[in-house]
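Below, chains carry the letters A, B, ... as their sequence lines are ordered, and counting in each starts from 1.
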Amino acid sequence: MVKIPTVTSWQDLPVGCVVPGGTMIINKTGAWKVFRPVVDHKKCTLCMLCWIYCPDSSVVLAEGKIEFDYDHCKGCGICANECPAKAIRMELEV
Amino acid sequence: METEKLTFTGNESAALGAKLARVEVVATYPITPQSTIVENLSRFIANGELKAEIINAESEHAAISICIGASLSGARTFTATASQGLVLMHEMLHWAAGARTPIVMAVTNRALCVPWSLHADFQDAISQRDTGWIQFYCENNQEVLDTIIQAYKISEDKRVLLPSMVSLEGFILTHTVERVDVPKQKDVDEFLPPYKNEFFYIDPENPLAENVVVLPDWYMEYRYQQEVAMQNAKEVIDKVSKEYFDKIGRNWGGLIEAYMMEDAEVAVVTMGTIAGTARVAVREMRKKSGKKVGLIKVRCFRPFPVEEFKKFSSLKALAVIDRSYSFGCGGPLCTEVKSAFYNTEEKPLILGVVAGLGGRDVNVGDIINVLEKTIEVSKTGKVERETIWLNLKGEQLR
Amino acid sequence: MTYFRQLILFGRGGMGVVTAAEILAEAVAQEGKYGQSLPFFGMERRGAPVRSFVRISSEPIWVRSEVTEPDYVIVVDQSLLTLLDVTRGLKTDGMLIVNSSEKPQILKEKLQLKFRVATVNATKIALEEIKVPIASTAMLGAFAKVTNEISLESIRKAVLTRLSGEIGQKNIRAIERAYKEVLF
Amino acid sequence: MPSKPISIKDFPKDEFMVKGHTACPGCGMAIAVRQALKILGKNTVLAIPAGCIAGGSTTGPFPLSGFALPTVYCSFDETAAFLAGIETALKVKGLKEKFNVVGIAGDGGTADIGLQCLSGAVERGHKIIYICYDNEAYMNTGIQRSGTTPYGAWTTTTPVGSLRMFKQEPKKDMPQIMIAHKIPYVATASPAFPSDLAGKIKRAMEIGGPAYIHIHTPCPTGWRFPPEKTIEVARLAVLSGMWILYEVENGVFKLNVKISKRKPVKEYLSIQGRFRHLTAEDLEKIQKEVDENCKRVGM
């Protein structure tokens with residue numbers, strides 16, 4: 001899992017401000033979104049354009065279906081805008 | 001059989017020190033009076049005497065940045081510069097210290113513009129005193145060679161991990177030839193183990209990120225951690241000096257060196273080549289007039305030897321000679337010596353002297369005059385003028 | 001006795017939190033008092049949490065540090081209520097003004113809040129009046145209404161010092177609606 | 001031999017610019033960098049200067065970080081020098097073949113403050129891959145004009161106002177500057193053409209460097225368009241000829257994406273708020289220049 005140094009005083013600060021890489025994954029940037037993408041699996045042709053165009057790696061291919069990681073998706077709407085099959089629409093996050 | 005060369009310039013001595021320390025990445029930019037350091041290193045590499053990469057950077061600012069990148073990536077790095085080149089590096093000097101990269105840099109001290117000057121002056125190195133670098137000021141070429149080797153052991157010590165500047169005055173040392181004993185590579189290898197960077201390393205299986213943004217919650221703690229490292233450097237410098245003496249047979253006396261101070265009532269405090277000249281003046285005054293005078297040579301300006309100075313609080317008077325100046329304040333060395341005594345019960349009267357700026361010669365006679373003035377101050381108990389500009393052409397106003 | 005109030009605005013980057021704080025400080029000045037708006041600069045990015053501190057006083061304000069014991073807390077993004085401890089240091093008789101579609105009573109129970117709570121659906125007002133979900137300025141209308149610390153007229157004047165023309169008018173309309181629609 | 005496009009299905013699944021980074025919603029840089037890192041793979045060392053890619057998205061705050069790759073966050077003005085240092089140290093340690101030494105910097109960090117060290121590093125032939133994400137202004141500090149801001153654009157330091165002080169100078173042509181250094185590989189790319197982008201990153205890896213890849217990365221916050229249109233804007237830049245996708249390997253030019261029927265520049269410019277003030281006359285001037293550029297490259 002993600003190892004993040006716990007720090008309580010100057011003594012346990014990692015020298016030179018060196019930390020494990022890629023730990024921002026724990027950031028739930030999903031809270032930023034006002035709209036969320038929703039996919040219509042019947043229309044989706046699995047062309048994966050939404051996947052390659054997502055700035056936040058929040059399109060997930062699971063068991064042959066496109067899903068979204070709503071914990072991280074910021075709701076930018078690029079996937080909906082780019083989907084050739086118009087299979088993704090943006091809904092107001094309640 | 002070629003006769004073995006016995007005399008070397010200060011620049012050659014610096015290059016030999018770096019070679020013996022088996023530096024791996026050298027990145028520099030030419031500037032008088034430093035250029036021959038790198039020329040020598042290039043020859044060592046070309047002749048197979050040194051296995052290293054030399055990068056002829058496009059600027060000093062790039063040279064020090066290359067060293068930081070290389071040092072973070074695990075290579076022992078060396079650079080050298082002076083004057084305008086050193087002050088161009090300023091942004092990255094703070095960076096290198098904060099990144100705790102144990103880079104060693106030779107600074108062939110030279111005056112700053114304007115006006116233009118090629119000659120010796122400590123303004124370049126002294127003006128970098130707050131960048132977090134350890135700073136050594138050498139008296140002669142032998143000390144230059146020895147100090148560069150020692151500086152790697154000090155800088156790479158786990159309790160320190162801070163870069164070091166080794167200063168040698170332009171022309172007065174860099175281009176002056178004198179006897180220098182070159183230690184054997186075997187001895188230096190035993191004294192100085194290879195460099196291994198333990199806190200940052202390039203490993204795809206365990207990727208690390210260096211220098212992420214720190215908000216107000218932890219920045220101060222990082223600065224204190226760095227200060228503790230600088231304070232640790234004091235003991236490490238003394239320890240390394242002794243180890244160097246045991247292995248190579250020379251000891252330049254840790255942070256400072258006290259010369260003829262056992263019974264001295266009055267002394268002169270200075271750095272670099274002026275200390276050598278002052279040594280002679282002290283010896284002559286004692287011989288000729290039996291006056292109880294002595295020399296305190298400051299070898300390490302950062303970390304500043306505050307505790308060492310406090311041992312001299314019973315002295316009557318001191319003259320502190322600076323080859324640099326902080327406008328609107330005074331000589332930086334003098335200011336720091338004064339502050340070292342600020343809270344001691346007894347404290348010597350302190351006379352500031354600015355001398356040798358822009359390569360002006362400072363001879364034995366000058367030092368004797370300063371010492372006579374200091375003796376007078378010790379008698380009258382009054383310092384009329386906080387700072388004397390030695391041999392100033394024209395009347396000094398304030 | 002010097003008149004002295006402190007408040008914290010919580011929101012997210014791009015919601016106009018800093019602008020709203022500045023407008024409030026300006027409005028205070030328009031009334032001849034001394035206003036100070038001190039933004040806390042962290043990793044402000046569109047969407048990242050942002051805080052701004054505002055002080056209102058009858059005397060020149062000398063202190064320049066974070067507000068730790070606010071009289072009022074304005075929360076422009078409701079999702080922050082569970083993410084950050086927005087009520088830390090809030091005075092016992094202090095008030096929490098939240099941009100939310102829920103009634104204050106429901107919010108108070110849901111989050112077991114022991115402070116007075118006021119709510120206004122500033123996002124809806126902003127979308128209708130300004131056509132963008134920048135809700136911070138509207139919250140000033142709610143603040144004026146529930147606290148009486150500042151007049152609507154001073155806020156109107158202050159808005160025009162920062163947002164001119166059409167945008168200024170839209171924001172004033174949003175502020176006026178929040179003034180009317182705030183529940184407390 | 002020129003780069004070969006990589007199909008989307010052949011893109012590796014690894015993610016090295018991890019989700020949870022704090023780039024703005026719809027960030028063009030994040031899309032491009034994510035695509036590039038997938039191709040570069042895990043044996044990559046990064047030097048990342050100040051800018052949206054660092055402070056803006058992946059440097060924490062402490063103790064968090066956003067790249068799952070060995071990363072040195074370097075000074076704004078010395079990205080290529082840090083790369084040169086890293087590359088040389090790896091070479092001395094006999095490790096250079098194992099790693100791509102890659103710098104990723106913005107347009108300001110590349111064409112303005114970082115130009116001198118980049119010129120030095122590539123002139124000395126360091127085996128580095130330098131990627132510039134060009135969002136055409138200093139976005140991390142709040143949309144100030146840079147050398148690569150296009151003619152006609154509004155930024156906070158080229159405000160329009162009554163005196164119409166939008167950017168008067170043409171966009172600094174960074175790829176041409178790199179071509180003038182006669183380095184083995186220079187290419188332009190766009191996140192709207194991921195296969196082309198990926199092929200060029202691959203080609204740079206094969207050549208080993210010095211290689212320079214200049215990626216056009218639209219910025220919703222700074223160019224004033226809604227975040228869902230980032231790829232649409234990037235595509236329109238290419239379809240209108242405002243951004244030409246080509247590569248130059250050892251001096252040999254190749255046009256990668258040939259647009260037979262170009263869209264009018266008006267279509268590209270009009271969906272961006274930063275060009276809203278342009279008059280017909282301004283647009284004509286831009287259209288004329290684009291037509292000349294396209295003719296010169298045989299489009």
Side-chain angles (χ1 to χ4, degrees), chain B residues 22-27 29 51-77 79 89 91-92 94-96 99 101 103 194-197 200-219 221-222, chain D residues 16 18 22 41-50 54-56 58-93 95-96 98-99 101 103 114-121 123-124 126 128:
Chain B
R22 293 190 188 283
V23 296
E24 296 168 297
V25 175
V26 177
Y29 188 81
K51 187 175 159 308
E53 292 281 334
I54 277 209
I55 301 169
N56 297 304
E58 68 284 358
S59 85
E60 289 92 349
H61 198 283
I64 184 70
S65 302
I66 290 165
C67 286
I68 296 169
S71 178
L72 283 173
S73 309
R76 177 172 288 162
T77 58
T79 186
M89 288 184 169
E91 176 196 9
M92 303 315 289
H94 288 277
W95 197 288
T101 47
I103 299 162
Y195 169 52
K196 186 157 180 348
N197 184 344
F200 180 77
Y201 38 81
I202 296 169
D203 171 9
E205 302 317 321
N206 171 24
L208 296 173
E210 183 264 346
N211 184 26
V212 294
V213 164
V214 172
L215 292 180
D217 51 1
W218 284 109
Y219 186 84
E221 280 70 21
Y222 256 112
Chain D
F16 295 109
V18 299
T22 51
K42 74 181 173 87
N43 291 323
T44 298
V45 191
L46 293 178
I48 305 289
T58 62
T59 61
F62 176 89
L64 300 180
S65 74
F67 287 120
L69 288 168
T71 304
V72 171
Y73 286 103
C74 60
S75 66
F76 201 16
D77 45 8
E78 291 294 350
T79 303
F82 270 75
L83 288 173
I86 294 166
E87 187 246 12
T88 306
L90 290 174
K91 196 159 102 182
V92 162
K93 300 285 180 186
L95 294 168
K96 175 60 190 72
K98 270 187 63 186
F99 293 100
V101 179
L115 180 59
Q116 176 174 299
C117 68
L118 176 56
S119 176
E123 177 271 325
R124 293 192 302 270
H126 289 282
I128 60 175

Side chain, backbone, both or neither: which part of D:L90 has a heavy atom under 4.5 Å from chain B? side chain
Which atoms of D:K91 approach chain B - backbone, side chain, both or neither, heavy atom under 4.5 Å: side chain
Let me know if B:Y219 has heavy atoms under 4.5 Å from chain D in its side chain, its backbone, both or neither. neither
Residue from D:E87, D:Q116, D:K42, D:R124 scoring the most non-hydrogen pairs under 4.5 Å with chain B is D:R124
Do side-chain atoms of B:E53 reach the backbone of B:V25 as a donor and acceptor pair under 3.5 angstrom? no
So for D:L95, is it side chain, backbone, both, or neither that comes closer than 4.5 Å to the heavy atoms of chain B? neither
Taking every non-hydrogen pair under 4.5 Å, which of D:S119, D:S75, D:G120 racks up the most with chain B? D:S75
Side chain proximity check, D:V72 to D:I48, heavy atoms < 4.5 angstrom: no
If one checks every heavy atom of D:V45 against chain B at 4.5 Å, the contacting part turns out to be side chain
side-chain contact (heavy atoms from CB on, under 4.5 Å) assessment of D:H126 paired with D:L83: CA-CA 8 Å; D:H126 289 282; D:L83 288 173; over 6 Å; no
So what's closer than 4.5 Å to chain D heavy atoms on B:D203: side chain, backbone, both or neither? backbone
In the structure I gave you, are the side-chain heavy atoms of B:Y201 and B:L208 within less than 4.5 Å of one another anywhere? yes
With a 4.5 angstrom heavy-atom cut-off, which part of D:K93 approaches chain B: side chain, backbone, both or neither? side chain
Are the side chains of D:Y73 and D:T58 in touch, meaning some heavy atoms are under 4.5 Å apart? yes
